[in-house]
Amino acid sequence: MTNPMPRAALDPLVAYRAGAAAPVDDRKLASNENPFAPLPRVVEALSVELNRMNRYPDPGVTALYTALSARFGLPQSNFAIGAGSGSVLSDLLQVMCEPGDEVVYAWRSFEAYPLWIHLSGARGVAVPLTSDARHDLDEMAKEITSATKVVLLCSPNNPTGTTINADELYSFLEKVPSNVLVVLDEAYSEFVRSPQAARGLSVFTAFNNVAVLRTFSKAYGLAGLRIGYVLASEPITEAIRKVTTPFAVTNFASIAAVESLKAQEELHDRVDRIVAERNRVVAALTEIGWTIPDAQGNFVWLDLGEKSVEFGQACVEKGLTVRVFADEGVRVTIGSAEANDMFLDVAAKGWV
Ligand SMILES: *Cc1c(COP(=O)(O)O)cnc(C)c1O
């Protein structure tokens, strides 16, 4: 007899690798976090809730469903809130896919996609990015078969930063059969300044087979609380609520998100400052001789190929952590001006 063993399907998988911590929080440019401390009004609202942590959270996350519905002018039934948009996506794949199904996605993109696709039982069909690090929607359309259940798009794409343009997304969607769900992961949408970029909300209202993922982790600076959501049709959001772990969304997360939605102006101001830093960093890199794919998130992509690990090491020696994809490239988060300058110092040392 052998010992109890987990599913063999898990053997080829590697656990999600999170960005490495840095000696000082401000020097961690590895996880696309927001460098600003939480808003005082958020901290204040949470301090009240601290004295209630002996109670389970509101199972219906009512306050946030109400706030999101009002904000978007869409019924609450079009939302499914979860403990991070990553966890919502994992649930979404679980409710959509069975063995034999296929999920088409771009690669390189968010590291967790192949893992969650595999766990859902579906087969992942990875379509390489174009030479300018963008989704190749023509090739992705060609990979759609009668087995395709979901197409997963990421705009801006993590880790390359490029967006999918509205015109190319609309002509892609015209080609996608209506029974195939197209998921647009917009984790970084607030940082987008390209006027051509597709906007999930308008695509969602124009097509019945589109779902949009959003998170409070990046622009809203609530990564530590785990809160995100999907905009999708009612059968899908209802199914997600069936499978999701009860009480996974804490009152802390829900309250922080609701308070943040009330503080749009302050948050937009912060996002503007991050975007200004991003543009400064891209300009400085270009000046040194780097070619950077159109950076529309809160990060830049360095196409370093086999020098990636060495570059990551040079950053560590400087006290910075960045996200290294061995033999492919390095993703560097836009942090404080000081941290960005330290990164630029490393980038200026003869890599290009
Ligand atoms: C950060 C990120 C997410 C979501 O993160 P959560 O913290 O789970 O909400 C989703 N997709 C992409 C592409 C991301 O980079």
Side-chain angles (χ1 to χ4, degrees), residues 32 68 71-74 78-80 85-86 88-89 92 96 103-110 113 125-144 148 150-178 180-220 228-233 236 268 271-272 274-275 278-279 282 292-301:
N32 293 349
L68 284 174
R71 170 103 207 284
F72 287 96
L74 290 167
N78 278 150
F79 296 86
S85 67
V88 178
L89 175 59
L92 181 145
M96 295 301 295
V103 177
V104 177
Y105 65 106
W107 197 252
R108 164 146 314 258
S109 189
F110 189 34
Y113 293 162
V125 179
V127 179
L129 298 174
T130 62
S131 55
D132 50 356
R134 309 180 69 244
H135 280 54
D136 193 337
L137 292 180
D138 288 337
E139 286 304 314
M140 292 182 85
K142 285 185 203 157
E143 294 294 343
I144 296 174
T148 307
V150 173
V151 177
L152 196 43
L153 306 174
C154 188
S155 178
N157 186 46
N158 176 3
T160 60
T162 54
T163 50
I164 296 169
N165 288 341
D167 56 352
E168 56 182 355
L169 182 58
Y170 278 86
S171 49
F172 174 76
L173 286 166
E174 300 294 348
K175 291 184 241 172
V176 177
S178 61
V180 173
L181 180 70
V182 177
V183 178
L184 184 62
D185 185 344
E186 287 201 316
Y188 302 96
S189 66
E190 295 87 350
F191 301 104
V192 172
R193 293 294 177 271
S194 158
Q196 287 95 40
R199 292 294 183 174
L201 188 59
S202 45
V203 186
F204 174 75
T205 46
F207 290 85
N208 291 327
N209 60 334
V210 167
V212 178
L213 283 166
R214 292 279 187 88
T215 180
F216 288 95
S217 294
K218 310 287 165 49
Y220 285 85
Y229 57 95
V230 70
L231 263 173
S233 65
I236 295 174
H268 280 156
V271 168
D272 279 344
I274 295 168
V275 168
R278 173 188 78 201
N279 296 345
V282 170
I292 305 294
D294 187 22
Q296 293 289 323
N298 63 340
F299 53 91
V300 293
W301 174 248

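The basis for the numbers below is simple: all heavy atoms, side chains too, and nothing from hydrogens, waters or symmetry mates. The shown structure was predicted, so the numbers you read here are calculated from the model rather than taken from an experiment.
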Item checked: Trace of the side chain to side chain contact (heavy atoms under 4.5 Å, CB included) decision for Asp167 with Gln196 -> CA-CA 8 Å; Asp167 56 352; Gln196 287 95 40; 5.8 Å; no
Next item on the list: List for me each residue that meets ring pair (Phe, Tyr, Trp, His ring centres under 6.0 Å) alongside Phe216, sequence neighbours excluded, and say none if there are none.
Entry: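 Partners of Phe216 under the ring pair (Phe, Tyr, Trp, His ring centres under 6.0 Å) test: Tyr220, Tyr229.
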For [X] against [Y], the heavy-atom pair lying closest together:
X: Pro128; Y: Asp136; value: O-CB, 3.7 Å
X: Phe172; Y: Ala141; value: CE1-N, 3.7 Å
X: Pro156; Y: Gly161; value: CB-O, 3.6 Å
X: Ala133; Y: Thr162; value: O-OG1, 2.7 Å

Do [X] and [Y] have side-chain heavy atoms sitting under 4.5 Å apart?
X: Leu213; Y: Val88; answer: yes
X: Leu231; Y: Phe79; answer: yes
X: Val210; Y: Leu173; answer: yes
X: Val103; Y: Thr148; answer: no
X: Val176; Y: Ile144; answer: yes
X: Val150; Y: Val180; answer: no

Check side chain to side chain donor-acceptor pair (under 3.5 Å) between [X] and all other residues, then give those that pass, not counting sequence neighbours.
X: Glu168; value: Arg134
X: Thr130; value: Asp132
X: Glu190; value: none

Note to self: Would Leu129 and Trp107 count as a side chain to side chain contact (heavy atoms under 4.5 Å, CB included) here? Give the steps.
What the structure shows: CA-CA 6 Å; Leu129 298 174; Trp107 197 252; over 6 Å; no
Would you compute the distance between atom [atom1] of [X] and atom [atom2] of [Y] and round it to the nearest 0.5 angstrom?
X: Asn165; Y: Ser194; atom1: CG; atom2: OG; result: 5.5 Å
X: Ile164; Y: Tyr170; atom1: CD1; atom2: OH; result: 12.5 Å
X: Leu152; Y: Leu89; atom1: CG; atom2: CG; result: 5.5 Å
X: Asn78; Y: Thr205; atom1: CG; atom2: OG1; result: 10.5 Å
X: Leu201; Y: Leu184; atom1: CG; atom2: CG; result: 11.0 Å
X: Leu92; Y: Met96; atom1: CG; atom2: CE; result: 6.5 Å

Notebook entry, point to check: Going through the distances and angles, do Tyr105 and Phe110 end up as a ring pair (Phe, Tyr, Trp, His ring centres under 6.0 Å)?
Noted result: CA-CA 10 Å; Tyr105 65 106; Phe110 189 34; over 10 Å; no
Check: Can you check side chain to side chain contact (heavy atoms under 4.5 Å, CB included) on Val182 and Phe207, steps first, answer last?
Finding: CA-CA 9 Å; Val182 177; Phe207 290 85; over 6 Å; no
Notebook entry, point to check: Would a line drawn from the ring center of Phe191 to the ring center of Phe299 be shorter than 6.0 Å?
Noted result: no
Item checked: Arg278/Asp272 under salt bridge (charged side-chain N to carboxylate O under 4.0 Å, His left out): CA gap, chis, key distance, verdict -> CA-CA 10 Å; Arg278 173 188 78 201; Asp272 279 344; over 6 Å; no
Note to self: For a side chain to side chain donor-acceptor pair (under 3.5 Å) check, start with the C-alpha distance between Asn209 and Ser178, then their side-chain angles and the critical distance, and finish with the verdict.
What the structure shows: CA-CA 6 Å; Asn209 60 334; Ser178 61; over 6 Å; no
Next item on the list: For Asp138, enumerate each residue passing the salt bridge (Lys or Arg N to Asp or Glu O under 4.0 Å) test, keeping only those at least two apart in sequence or located in another chain.
Entry: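 Salt bridge (Lys or Arg N to Asp or Glu O under 4.0 Å) check on Asp138 returns Lys175.
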Notebook entry, point to check: How would you list all residue pairs meeting salt bridge (charged side-chain N to carboxylate O under 4.0 Å, His left out) that involve residues 198-219, not counting sequence neighbours?
Noted result: Glu186-Arg214
Check: Going through the distances and angles, do Asn157 and Tyr188 end up as a side chain to side chain donor-acceptor pair (under 3.5 Å)?
Finding: CA-CA 8 Å; Asn157 186 46; Tyr188 302 96; over 6 Å; no
Check: Given the rule in the side chain to side chain contact (heavy atoms under 4.5 Å, CB included) test, do Leu153 and Asp185 qualify, once you have shown the distances and angles that lead to the verdict?
Finding: CA-CA 6 Å; Leu153 306 174; Asp185 185 344; over 6 Å; no
Notebook entry, point to check: Would the number of heavy atoms belonging to other residues, nucleotides or ligands and lying under 6.0 Å from CG of Asn208 be above 12?
Noted result: no
